[in-house]
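Working notes for the structure below.
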Amino acid sequence: MSLEDLLYRVSPPELSRADLGFGWVSNMIRSRQEIVRTMMQDVDRIRPWWENGVLYHIYLRSFVDSNGDGFGDLKGAMGKIDYLSDLGVDGVWLSPTMPSPNDDWGYDVADYLGVHPDYGTIDDLDEFIERCSEKGVRVLLDLVPNHTSSSHPWFIKAIEKPESPFRRYYVFAKGKQDGSPPNNWKDATGASAWTLDERSGEYYLHNFLPSQPDLNWWNEDVQREFEHILRFWFDRGVAGFRIDVAHGIFKDKLLRDDPPAPEMSRQFSHFGLVETYSKNRDEVHPLYKRWRKIADAYRPNRLLVGETWVGDIGRLARFYGDGDELNLAFNFMFVFTEFDPKSLSEIVQSTLSVLPDTASPVWTGSNHDISRFPTRWAHDDDDKTKVALTILLTLPGTVFLYYGDEIGMRDVDVPIELQRDPMTKLIPMARFQRDRARTPMPWRSGDGRGFCDPGTTPWLPFGPDDGRDVQSQSLDESSALTLTKRLIRLRCSVRDTLSRFESLEVTEKLWRYRCGDLYVVANFAEDESYEAPLPPYKEAVSSRYGAVGSLGDSDLFEVGPKEAVVFRR
Ligand code: NOJ
C-alpha cells in the first residue's frame with residue numbers, strides 16, 4: 001500500500017484529530033501533497049522507508065516513449081506514476097539518466113550533473129521526482145563512479161594535457177619492458193583492460209570498454225568530485241543511488257596481476273581470473289562510510305544500494321559495515337541460485353545468518369544485465385513464474401522488481417541485426433545477450449504496445465503479442481500482475497513483522513516458511529499436489545487462483561503443482 005493509499009484511508013475526523021496540533025488555518029491550506037510528504041517523513045522516523053519494502057527498477061529507455069523516437073523517456077515514465085503507485089512500490093531506480101555517448105547505454109557518463117537529452121531535461125527529472133513524491137514513490141538514480149565515458153571532459157583533458165591535474169583522475173601506467181600492458185587484468189570483453197595512449201606512450205585502465213576509462217579513486221580530488229555529485233542530486237530531492245560496480249572502484253595501488261581462478265564458480269570469475277587486485281579492494285569501505293554520512297545528513301535519509309557483484313556472503317555483509325556503510329547491497333548469489341526449494345532456502349538462510357541484524361537483505365530476480373527470472377528460473381512457465389514472484393515478495397528485507405517482472409515478462413530473442421548492446425556484441429561468446437532483457441515494456445496488445453505510437457519503431461523489438469501485457473493482465477484475476485499487486489499489499493500490511501524468518505520444511509519439491517505474519521507454502525512439483533498444515537489466517541492468496549476463500553476446518557490443505565499459497569495471520 002502506498003502512502004497515498006494510506007492517506008485516502010484516513011477518515012476526515014481522524015485526519016483533523018491528527019492535525020489539531022498544527023492549527024486549523026494550516027490544516028486548511030496544507031495541500032494533499034504536503035500531507036503525503038509529512039506522512040512519509042513520519043514513517044521514516046519509525047523505520048527506513050525501504051525496509052521490507054519493494055523497489056522497482058525502470059530501464060528508462062524501454063519504459064514509455066512519449067516523443068516518437070522509439071526510446072523511452074522521462075515524460076513517458078511520468079504517465080505511469082499512477083501505475084507504479086497502484087502497484088504499491090515504495091520507490092523506483094532509474095537506469096542511468098546522465099548525458100552519455102551510449103557506448104554502454106548510459107553506463108559511460110559524460111556529465112554527472114545533467115540529464116541525457118534522449119530522456120528529456122533536468123526540469124523533466126525534477127518534475128518526475130516531484131510527481132512521484134506526491135504519490136509516495138521515491139526516486140533513485142544510477143551512479144557510475146567506477147569509470148566515466150572517454151568523452152567526459154576530465155578524460156579529454158587527461159589525454160590532451162598529460163601534465164593537467166585531470167591525468168591523475170584516471171589510472172595511467174607505463175607498459176612492461178617489452179611494451180605489453182602493465183598487468184594481466186582483463187576488461188569486460190576479455191581483452192586486456194589497458195589501452196595504449198599513443199601520444200604519451202602510457203596505458204590507461206578500463207575494466208569495461210576502452211571508451212569507459214576507470215577513475216583513480218586513490219585521488220582525493222576524484223573523491224571530492226563525487227561528494228559534490230551526491231549532494232547535487234540529493235539537494236534536488238533524489239532519494240538515493242544504486243551504485244554501479246560498488247565492489248570494484250578501488251584498484252590495487254601496486255597494480256598486481258590477478259590470480260588465475262581454477263576452481264571458481266563461473267559466475268564470479270572473470271575470464272579465468274579472480275579479480276583480487278583489479279576490483280574488490282578494502283579501501284571502498286572507508287569511502288562508503290563517508291558517503292553514508294552524507295546520505296544520513298538528509299531528511300528523510302537517502303538510500304545507498306550497491307551493485308555488489310561478489311561471490312560470498314561474508315564479503316557481501318561487509319558492505320553494510322556496522323550499519324554505517326551501504327544501506328543495501330545486491331545479493332547476486334541469490335540471483336544466480338537454482339530455482340528449487342533446497343537451493344533457495346539455503347541461500348536465503350545463509351544470507352540471513354551472515355548479514356548483521358541491522359542489515360536489510362536484498363532479493364531480486366532480474367535486471368538489465370542478466371536473463372529475466374521468468375525465463376532463467378521458470379523456463380517461460382507462467383505458473384512457475386508466479387511461484388517465483390510469490391517467494392520474492394514474501395522474503396524479509398527489500399525486494400527489487402525489474403520492469404516487467406510483475407507481468408512475467410520473459411527474455412526476448414533479439415535477432416543479431418537488431419541487437420543494440422555494444423558490450424555483448426563485442427563478445428561473441430557472451431554469457432548473455434543483454435538486449436534480451438531490455439526490450440520495451442508491453443503496456444497493451446497491438447502496434448506500439450502502448451510503449452510508443454503505432455508506426456514508431458522501438459529501439460529494441462517487442463516480444464510476442466501474447467497477452468503478457470499490462471492491460472490484458474489488469475483484467476485477469478489470476479494474472480501475474482494481479483498477483484504482484486496482491487502480494488505487495490499483503491507484504492505492506494504486515495511490513496513491521498517481516499524481519500522474523502523461519503524455514504519450516506524443505507524437501508525436493510516443497511518449501512514452507514514463515515516470514516513475520518506471513519506463512520508461505522510453495523510447491524515446485526510439475527504435477528504432484530501436497531498437503532500442508534493449514535494455519536489460522538485472515539487472508540490468503542494463491543499464485544494460481546488469486547484470493548483464497550475459506551479452506552474448511554481441516555488442519556491440512558492441498559497445494560497444487562506449481563502453486564504457492566501465502567497466508568496472513
Ligand atoms: C554494471 C551495469 O549494470 C552494466 O550494465 C554496465 O555495463 C557495467 N556495470 C559497467 O558500468
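Reckoned from all heavy atoms, side chains included, excluding hydrogens, waters and symmetry mates. Throughout, numbering of the chain's residues begins at 1 and tracks the sequence. When a ligand or atom number is given, it counts from 1 through the structure's own listing order.
The closest side-chain donor-acceptor pair between Ser366 and Arg376, if any, does not fall under 3.5 angstrom. With 3.5 Å as the limit, one finds a donor-acceptor pair spanning the side chains of Glu225 and Tyr169. Using modelled atom types, one finds no donor on one side chain facing an acceptor on the other under 3.5 Å when comparing Asn367 with Arg372.
Distances below 4.0 Å separate heavy atoms of Met423 from the following atoms of ligand 1: 7 (O). In the vicinity of Arg434, heavy-atom distances shorter than 4.0 Å reach the ligand 1 atoms 4 (C), 5 (O), 6 (C), 7 (O). Applying the 4.0 Å criterion to heavy atoms of Val245 picks out, from ligand 1, the atoms 9 (N). Interface of His368 with ligand 1, defined as ligand atoms under 4.0 Å from a residue heavy atom, comprises 2 (C), 3 (O), 4 (C), 5 (O). Remark: ligand 1 atoms within the under-4.0 Å shell around heavy atoms of Arg438 are 5 (O). Close approach of ligand 1 to His147 is summarised as follows: ligand atoms under 4.0 Å from at least one heavy atom of the residue are 10 (C), 11 (O).
Taking the ring centre of Phe271 as origin, the terminal cationic atom of Lys186 falls outside the region bounded by 6.0 Å and 45° from the ring axis.
Aromatic rings from Tyr203 and Phe172 are positioned such that their centres are separated by 6.0 Å or more.
Of the protein's non-hydrogen atoms, the one nearest atom 8 (C) of ligand 1 is Phe208 CE2, 3.7 Å. Among all non-hydrogen protein atoms, the one lying nearest atom 9 (N) of ligand 1 is Asp244 OD1, 2.8 Å. For atom 7 (O) of ligand 1, the closest heavy atom belonging to the protein is Asp104 OD2, 2.5 Å. Scanning the protein heavy atoms around atom 5 (O) of ligand 1, the nearest turns out to be Asp369 OD1, 2.7 Å.
Taking only nitrogen or oxygen atoms, main chain and side chain alike, Gln212 does not reach within less than 3.5 Å of ligand 1.
Taking the six-membered ring for Trp and thresholds of 30 and 60 degrees, His116 and Tyr119 have ring planes more than 60 degrees apart, a perpendicular arrangement.
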Verdict with supporting geometry, Gln212 and Asp104, side-chain contact (heavy atoms from CB on, under 4.5 Å): CA-CA 9 Å; Gln212 293 169 294; Asp104 190 11; 3.0 Å; yes
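For the ring-ring contact (aromatic ring centres under 6.0 Å, His included) with Phe63, the qualifying choice from Tyr83, Trp443, Tyr402, Phe451 is Trp443, the only one to do so.
Residue contacts with ligand 1 for Asn146 are absent, since no atom lies close enough (heavy atoms, distance under 4.0 Å).
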